[in-house]
Each structure stands twice: as structure tokens, then as C-alpha cells.
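In what follows, every heavy atom counts, from backbone to side chain, and hydrogens, waters and symmetry copies are set aside. We count residues from 1, following the sequence as given. Keep in mind the model is a prediction, meaning the values are calculated, not measured.
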Amino acid sequence: MERRERADAARNRQAILRAAEELLRRHPPEQVSVERVATAAGVGKGTVFHRFGSRTGLMRELMAERARELEQAVAEGPPPLGPGAEPEARLVAFLARVAELGARNGNLMAAHEHAVLTAKGERREDNPIYVSWHRHVSRLIAEGRPDVDAEEIAHMLLGTLHMEPIASQLRAGEHERLAAGFADLVKGLFRGGRA
């Protein structure tokens, strides 16, 4: 039987996540320490460590919360992001939403990326969010273009989010251009080079 979270623990969790998110909106990731988050949330530093284990755990949980919203839209939302649209339209919608998520949460994504890459023995490809996104993108590509290496192309598309020129663009809140570029790439891929 799953244990329910105490009301005060749930409030603290939300306060900590909100404080971290707000600090990341206003400051570069390297300036957002556990101490600073705890002060902004009105809790002790020990509460943050108890709840999330580390700064890495906090950034991972905050990013997971943003990713859950996207995953729910993909699984249950209206087309084209959700079920019911053609693979090309779904992939364009998904990559546009990922770009928007990156622009709204640029510092969070940078902090999350840093946390994952500095955690011992972890690779980006092992991160549950990346795994989920890669699986979704691979499936859509395989459905629309069974003749190509869908897994490799999915890595290529998602990998662009980690390139500094693109990451810098997202941190500046500029996602429309990236979304348009993704759309052009996807349309070219699904049309197999045909006009």
C-alpha cells in the first residue's frame, strides 16, 4: 500500500520546487544553491536535502515535473500533440513543445543537464526524461519512415537541444525559430527528400 504524503511535507515540497523554479528564472543555474532555495522556500537546508537528497535530486525532480506535463499531453491530449494525428504532425508538435519548454525553463534545463552530467556514472542517455522523449520521437519516426534508422535520427534531433548555440537561444526565450527549424527537418525527413 502506497503511503500518503503528509500535508506539511507536501506543502514543503511544493514551496521548495516553486522557490527553485523562481530562482532559476532570475539567476544563472550556478547561483542557485540548496541554501538559497531553502531560504526562498522558508525551510531549513536539511529539509531540502531530506526531501530531494541533493541539489542534483532537486533539479531532477523539478525537471521531471515539467516533463510530466508534456508526457500527459502526449498520452492524453488533443492532436496533433496527443493521439489521433499523423506521425509527422505529432513529431512537429512534440518538438515545438520541447522547444517551448526549453525556452520557458532554460536555466532549469541547464541546471538539470549539469546535474545529470556531474552525477557519478550517469549519462544523458540514461536520464528517464531523455529516455521517454527518445522513445516517443523514435516511434513516430519509425511509424512514418520505417526505412530509416529512427533511433539514431531521434538522438540527432534531441541532441541539438544540448548544443550551445541552441541552448543559448532557448535560455534567451527564443523557441519559435528552433520550432520552425525542427518542422522543416521533420517535413524533409517524412517526405523522404521529395517535394
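- Under the 4.5 Å side-chain criterion, counting only non-hydrogen atoms from C-beta, Phe182 is not in contact with Val98.
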In residues 71-86, what donor-acceptor pairs under 3.5 Å come from side-chain atoms, sequence neighbours left out?
unit_1, atom_1, unit_2, atom_2, d
Glu71, OE2, Ser132, OG, 2.8

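- Salt bridge annotation for Glu143-Arg90: absent, with no cationic side-chain nitrogen under 4.0 angstrom from a carboxylate oxygen.
- Between Arg51 and Glu61 the shortest side-chain heavy-atom distance does not fall below 4.5 Å.
- Using modelled atom types and a 3.5 Å distance limit, the side chains of Tyr130 and His162 yield no donor-acceptor pair.
- The local environment of CZ in Arg177 is sparse, with at most 12 non-hydrogen atoms from other residues, nucleotides or ligands closer than 6.0 Å.
- Classification of Glu21 and Arg18 as a salt-bridged pair fails, no side-chain N sitting under 4.0 Å from a carboxylate O.
- Between Ile16 and Leu62, every side-chain heavy-atom pair lies at or beyond the 4.5 Å cut-off.
- Closest of all the heavy-atom pairs between Ala99 and Leu170 is O-CD2, 3.4 Å.
- Nearest heavy atom pair, residue Leu140 against residue Phe190, reads O-CZ, 3.6 Å.
- Salt-bridge annotation for Glu65 and Arg13: present, with a side-chain N of the basic residue lying under 4.0 Å from a carboxylate O of the acidic one.
- Although no hydrogens or angles enter the test, the distance criterion places no donor-acceptor pair under 3.5 Å between the side chain of His175 and the main chain of Ala96.
- Side-chain contact between Leu189 and Glu88 is absent, with no heavy atoms from C-beta onward closer than 4.5 Å.
- Taking each heavy atom of Leu23 and Arg36 in turn, the nearest pair found is CD1-O, 3.6 Å.
- The 12-atom threshold is exceeded at CZ of Arg66, counting heavy atoms of other residues, nucleotides or ligands nearer than 6.0 Å.
- In terms of hydrophobic clustering, with Ile, Leu, Val, Met, Phe, Trp and Tyr side chains grouped at heavy-atom distances under 4.5 Å, Met156 and Val131 are assigned to different clusters.
- Annotation: His27, atom NE2; neighbour count of heavy atoms from other residues, nucleotides and ligands within 6.0 Å is above 12.
- Within the 4.5 Å cutoff, no side-chain heavy atoms of Met59 are placed close to those of Thr56.
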